[in-house]
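Worksheet: the structure to be examined is printed underneath.
Order of appearance sets the numbers: ligands from 1, and atoms from 1 within every ligand. Keep in mind that this is a model prediction, so the values were computed, not measured.
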Amino acid sequence: METSIVVIRPETEEEDIKRAGDILKRGGLVAFPTETVYGLGGNALDAEASARIYAAKGRPSDNPLIVHIAAIEDLYGITEEVSGRAELLAEAFWPGPLTMIFKKNEKVPYSTTGGLDTVAVRFPGHEIARKVIKAGGGYVAAPSANTSGRPSPTEAAHVIEDLSGKIDMIVDGGSVGIGLESTIVDMSVDEPVILRPGYISQQMIEDVIGPVKMDAALLSADSKARPKAPGMKYKHYAPKADLVIVEGDPEKVINRISRLAEEAQADGRTVGIICTEETVERYKTGIVKSAGTRSSEITIAQHLYGILREFDELEVSQIYSEAFDTPKMGEAIMNRLIKAAGHQIMKV
Ligand code: TXA
Ligand code: MG
């Protein structure tokens, strides 16, 4: 299949979005930017379109998709029950990087929900995403637009790398703003539970609806605990290299990573280091990449997946990363980094 790649420009935007919408309406697949990561869209109400999404990503079909909408009212078209608390969250954070889980109605095929009676819904804030969803009929299933098991795409080039030739169209809207997938909160149960941390933090949610729990499997150090979001159980976001996180007093971290890097290099391995602007000058061994600055956590979130991809390309075999347990997004950043590291954390 030939994949058409369009870069969004004011002069041609309307025409390109219409074309994307037409592809979605006839069951095709279109990748588009959202404020979190690029999504791979297909008509959420068409079982065959969902099946095509799984095939293009190489994704296990028991891993449900998120249905994207472009108007709050559309939530009621696919759900059985929306609680008052869910409405408060929608009012506070939609459009935005929050996904909520509801009991689904009969309109949503099981192939979209991986066989579950619940459906994940998100109303993204990104303008192009919203236009594509509207043009496509209002209900667009969109997992992250990466090959299953690779880091989520934060720019169109990543999508091209993974999915070119496998989908109908890629809408290039530049780099995304957040860089980590949306927060997921299960609102289909009596006590809401956060299934995946993201930019919208536990604190932000609690400020609106009171106490919410974190899925116990997210907090447990035991990587075998079974998370409630099926997708969280897979080894995800995995770089090709062995990745180890070093956590602790900043000076000790720098010293330990430097020593480990020297040893690995002496061993003939190609070493990558993930750090921040504050420490980048301190590392003298290996390929050193700064994700951003600790004074602006979002810069770290934005660049993390891209750096993991760059290390893949450079055929790095050993990565050492500083820990990024920053005040607001730390939970989300470390959740992804720990998964990428297969839970290898060294405390110094
Ligand atoms: O930011 C995002 O959410 C991005 C952009 C494209 O919107 N999408 C995204 O989709 O991250 P995906 O498919 O990569 O991740 C969806 C996660 C998976 O872990 C999946 O298991 C979980 O949501 N999920 C979906 N429906 C669910 C449901 N009914 N119950 C529990 N977990 C669900
Ligand atoms: Mg994903």
Side-chain angles (χ1 to χ4, degrees), residues 29-42 44 50 53-54 56-70 78-80 93-105 108-126 128-130 132-133 140-154 158-159 162-163 171 173 176-189 192-200 215 217-218 226-238 301 305 332 335-336 339-340:
L29 303 186
V30 177
F32 59 89
T34 83
E35 70 275 34
T36 56
V37 299
Y38 271 75
L40 172 58
S50 300
I53 292 178
Y54 289 108
K57 276 180 66 81
R59 172 168 170 139
S61 62
D62 67 343
N63 187 3
L65 307 174
I66 296 175
V67 179
H68 292 63
I69 57 175
I78 52 170
T79 52
E80 206 56 79
F93 301 118
W94 278 1
L98 177 73
T99 296
M100 289 191 273
I101 295 179
F102 301 94
K103 298 210 165 68
K104 76 171 197 74
N105 72 12
V108 187
Y110 282 111
S111 74
T112 296
T113 66
L116 299 175
D117 287 314
T118 52
V119 60
V121 186
R122 167 156 129 78
F123 177 2
H126 199 290
I128 296 168
R130 271 156 36 199
V132 169
I133 295 160
V140 174
S144 47
N146 52 291
T147 298
S148 202
R150 296 213 71 201
S152 292
T154 52
H158 300 159
V159 184
D162 284 10
L163 297 178
V171 177
V176 301
I178 294 175
L180 297 179
E181 304 85 346
S182 61
T183 306
I184 303 180
V185 51
D186 188 353
M187 300 304 291
S188 72
V189 288
V193 187
I194 295 175
L195 306 186
R196 181 172 73 182
Y199 177 82
I200 307 286
D215 183 357
L218 293 176
R226 202 180 167 81
K228 291 203 177 66
M232 301 295 278
K233 76 174 184 257
Y234 295 104
K235 186 174 184 221
H236 234 197
Y237 325 114
Y305 286 149
N335 169 265
R336 309 311 196 272
K339 279 153 72 64

Counting neighbours of OH on Y199 that are heavy atoms of other residues, nucleotides or ligands and sit closer than 6.0 Å, is the number greater than 12?
no
Backbone N or O of G173 within a donor-acceptor pair of the Y38 side chain at under 3.5 Å?
yes
Counterpart residues, side-chain hydrogen bond (donor to acceptor under 3.5 Å, both in side chains), relative to S182 (two or more places apart):
T99, R196
Show which atoms of ligand 1 fall inside a sub-4.0 Å distance from at least one heavy-atom site of R59.
12 (P), 13 (O), 14 (O)
Within ligand 1, which atoms have a heavy atom of L116 less than 4.0 Å away?
28 (C), 29 (N), 30 (N)
Indicate yes or no for a side-chain donor-acceptor contact from K103 to the backbone of S188 under 3.5 Å, with no hydrogens or angles considered.
yes
Is D162 reaching over with its side chain to a backbone N or O of T147, donor-acceptor style, under 3.5 angstrom?
yes
Minimum heavy-atom distance between I128 and V171, given as atom pair plus value
CG2-CG1, 3.9 Å
Look at the N, O or S atoms of S152, main chain and side chain alike, and state whether any lies under 2.8 Å from the Mg ion (ligand 2).
no
A142 heavy atoms, cut-off 4.0 Å: which ligand 1 atoms fall inside?
6 (C), 8 (N), 10 (O)
Of the backbone atoms (N, CA, C, O) and the side-chain heavy atoms from C-beta on, which set of I184 has a member under 4.0 Å from an atom of ligand 1: side chain, backbone, both, or neither?
side chain
With only distance considered, is R196 within less than 3.5 Å of ligand 1 through an N or O on each side?
yes
From I101, I66, D117, L65 - option closest to atom 28 (C) of ligand 1 by heavy atom:
I101
Any N/O pair T34/ligand 1 closer than 3.5 Å
no
Which is it for M100 and V185 under the side chain to side chain contact (heavy atoms under 4.5 Å, CB included) test, yes or no, and what are the steps along the way?
CA-CA 5 Å; M100 289 191 273; V185 51; 3.8 Å; yes
Would you say the side-chain atoms of R122 and T36 include a donor-acceptor pair closer than 3.5 Å?
yes
Once you restrict to heavy atoms under 4.0 Å, what part of P143 touches ligand 1? Side chain, backbone, both or neither.
both
Could you list which atoms of ligand 1 come closer than 4.0 Å to a heavy atom of G39?
6 (C)
Close-contact set for ligand 1 against S182 heavy atoms, below 4.0 Å
1 (O), 2 (C), 3 (O)
Pick one of side chain, backbone, both or neither for how T113 approaches ligand 1, counting any non-hydrogen atom pair under 4.0 Å.
neither
With a 4.0 Å heavy-atom cut-off (strictly under), which part of H126 contacts ligand 1: side chain, backbone, both or neither?
neither
Provide the number and element of each atom of ligand 1 under 4.0 Å from a heavy atom of A120.
25 (C), 26 (N), 27 (C)
Taking only heavy atoms of T118 into account, list the atoms of ligand 1 that are under 4.0 Å away from them.
28 (C), 29 (N), 30 (N)
Does one side chain, of E181 or S144, offer a donor that lies under 3.5 Å from an acceptor on the other?
no
Under 3.5 Å, N or O to N or O, is S144 touching ligand 1 that way?
yes
By side-chain hydrogen bond (donor to acceptor under 3.5 Å, both in side chains) - contacts of K104 (at least two apart)
none
